[in-house]
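This is a predicted model, so every value here is computed, not measured. Note that ligands are numbered from 1 as they come in the structure, with each ligand's atoms numbered from 1 the same way.
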Amino acid sequence: MGVAVVTGASTGIGKATAVRLARDPGTELVLVARREELLRELAESLPCPATYVAVDLTAEDAPQRVRAHLEAEHGGDLDLLVNNAGAAWRGSFAEGGYANVHRHMELNFDAVVRLTEALLPLLRKSAPSAIVNVASTAGRVSRARSGAYSASKFALIGWTDSLYAEEKEHGVHVGMVLPGFVLTEGFPATELREKAATRWIVSKPEKVAEAIHQCGPGGKAERYVPRPYGLAAALRILSPSLVRRVLSGGGASSLTTSTGGDQDAG
Ligand SMILES: NC(=O)c1ccc[n+]([C@@H]2O[C@H](COP(=O)([O-])OP(=O)(O)OC[C@H]3O[C@@H](n4cnc5c(N)ncnc54)[C@H](OP(=O)(O)O)[C@@H]3O)[C@@H](O)[C@H]2O)c1
């Protein structure tokens, strides 16, 4: 392990990933998110060298700021890029319209593409190296009131598969992790945790962090977390009418949980 950038490292899956990567000998971490205080606290608590860039990844100059930081503080080396920062705001298309689709694409897809574009030359120079994109099971199976989020993750998955095929010959492995329900600040899964019947399907950020490790330095192509969520993705291909029927039935509404983005919006 060498230099690793983790976006969305201030909380949740990104923070757990930083903690997991820090256990590998030789790791140097670059933590990226907006909340500087949280990044500073995490950097100081890790058992490996860690710096941070406090930046809004949707800002025009964000990719160049991260690249300039790597060049100034880490000699322009980059062995692992974990594209993890992301968010969701629930709502039907009739309510949220294009504006809601746009804000999801801007953060969950465009910002990932723009950062990867800026850092790909460093990853190629440091090859063998890796990228891990954090998508979602929602990038395979879409629920009501979550279409904008799903669209951004479907886009990320399609682009990731293509990038994997293109970068293989350059020694840059491109892995992907598809979490299901994982308890974090942005995805509290309150509706599922309130009921004994559904509590068990909510997983932990540390499990996703382990999968990110397997799909980056470990060289795996793709992991669902928890693994059985892969069955939902397979069923969506094999029996679309069944999956659509189940996901548009009365009980399916509890599967579109409210998010941190909804709470921020008031
Ligand atoms: N938890 C789940 O159930 C679940 C399921 C499937 C996929 N995922 C995916 O997993 C990833 C991590 O989510 P999480 O569950 O760990 O949620 P989280 O705890 O809310 O973490 C999101 C991270 O992204 C950062 N972020 C948000 N907007 C940003 C922006 N504009 N610029 C820079 N950083 C930004 C946040 O930090 P700041 O607020 O400090 O900027 C935070 O560190 C996301 O891509 C999410 O879509 C999560």
Side-chain angles (χ1 to χ4, degrees), residues 5-20 30-43 52-63 65-66 82-90 102-112 114-115 132-143 146 148-157 160 176-193 198 201-209 211-212 215 223-226 229-230 232-233 255-265:
V5 168
V6 180
T7 72
S10 59
T11 56
I13 292 169
K15 182 175 179 181
T17 301
V19 170
R20 172 62 189 88
V30 180
L31 312 171
V32 180
R34 291 167 301 182
R35 283 171 289 176
E36 184 166 6
E37 193 51 39
L38 294 180
L39 296 177
R40 184 183 306 121
E41 273 170 28
L42 178 60
Y52 59 85
V53 186
V55 68
D56 182 338
L57 284 165
T58 65
E60 192 61 36
D61 64 347
R65 281 186 56 192
V66 177
V82 181
N83 283 311
N84 163 76
W89 298 267
R90 302 305 188 207
H102 180 257
R103 72 172 162 181
H104 280 88
M105 292 302 290
E106 192 178 33
L107 176 61
N108 297 345
F109 183 67
D110 296 352
V112 176
R114 292 174 58 239
L115 184 64
V132 180
N133 289 337
V134 179
S136 172
T137 309
R140 299 278 195 210
V141 180
S142 210
R143 295 153 292 162
S146 185
Y149 179 70
S150 274
S152 66
K153 296 296 188 178
F154 269 74
L156 182 63
I157 288 172
T160 300
M176 180 163 63
V177 172
L178 302 93
F181 294 106
V182 179
L183 172 57
T184 62
E185 180 186 291
F187 298 82
T190 312
E191 297 84 343
L192 299 173
R193 287 188 298 118
T198 49
I201 64 173
V202 182
S203 188
K204 296 191 176 81
E206 291 71 24
K207 299 218 161 139
V208 187
I212 289 170
C215 293
R223 271 275 330 262
Y224 288 87
V225 188
Y229 279 72
L255 292 176
T256 306
T257 51
S258 53
T259 66
D262 301 337
Q263 284 155 20
D264 290 347

Asker: Look up atom CE in Met176 and atom SG in Cys215, then write down how far apart they are to the nearest 0.5 Å.
Answerer: 8.5 Å
Asker: Answer yes when Glu185 and Arg35 have at least one side-chain N-carboxylate O distance shorter than 4.0 Å, and no when they do not.
Answerer: yes
Asker: Can you find a heavy atom in the side chain of Met105 that is under 4.5 Å from one in the side chain of His102?
Answerer: no
Asker: Using a strict 4.0 Å threshold on nitrogen-to-oxygen distance, state whether Arg103 and Glu106 make a salt bridge.
Answerer: no
Asker: List, ordered by chain and residue number, the protein residues whose closest non-hydrogen atom lies under 4.0 Å from any atom of ligand 1.
Answerer: Gly8, Ala9, Ser10, Thr11, Gly12, Ile13, Ala33, Arg34, Arg35, Val55, Asp56, Leu57, Asn84, Ala85, Gly86, Leu107, Val134, Ala135, Ser136, Tyr149, Lys153, Pro179, Gly180, Phe181, Val182, Thr184, Glu185, Gly186, Phe187
Asker: Do you know which of His104, Arg90, Lys153 makes side chain to side chain donor-acceptor pair (under 3.5 Å) with Ser146?
Answerer: Arg90
Asker: So do the side chains of Arg20 and Ile212 get within less than 4.5 Å of each other, counting heavy atoms only?
Answerer: no
